[in-house]
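Sequence positions, counted from 1, serve as the residue numbers for this chain.
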Amino acid sequence: MQTPSSDNERGQATGEWTDNKDKMKYIWPEDPKTVGALLMNVNDDAITLTLYNREGAPVYSVSVLAKR
């Protein structure tokens, strides 16, 4: 998972995605100055990463379960 531009100045509009399409599950376009954040939650059962948009609403989340 990768966050969009964090400085709100150097972002670019999302065009047609051609590279690594087989590896991309979700592409989140907003506008050329998109800002977002990743928060990581770790507990005994899993590591969960959640992508949030500029308003603080969750956009996508993924969990990696602990191996036992």
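- In this structure, Leu39 CG and Leu51 CG are separated by 9.5 Å, a value rounded to the nearest 0.5 Å.
- Using a distance-only test at 3.5 Å, with no hydrogens or angles considered, no donor-acceptor pair links the side chain of Ser63 to the main chain of Ala46.
- Put simply, the side chain of Tyr52 does not reach to within 4.5 Å of the side chain of Val59, judged on heavy atoms.
- Contact record, Asp44 with Ala66: O-CB, 3.5 Å, taken as the closest heavy-atom pair.
- Met40 has its side chain within reach of Ile47: a pair of non-hydrogen atoms, C-beta onward, lies under 4.5 Å apart.
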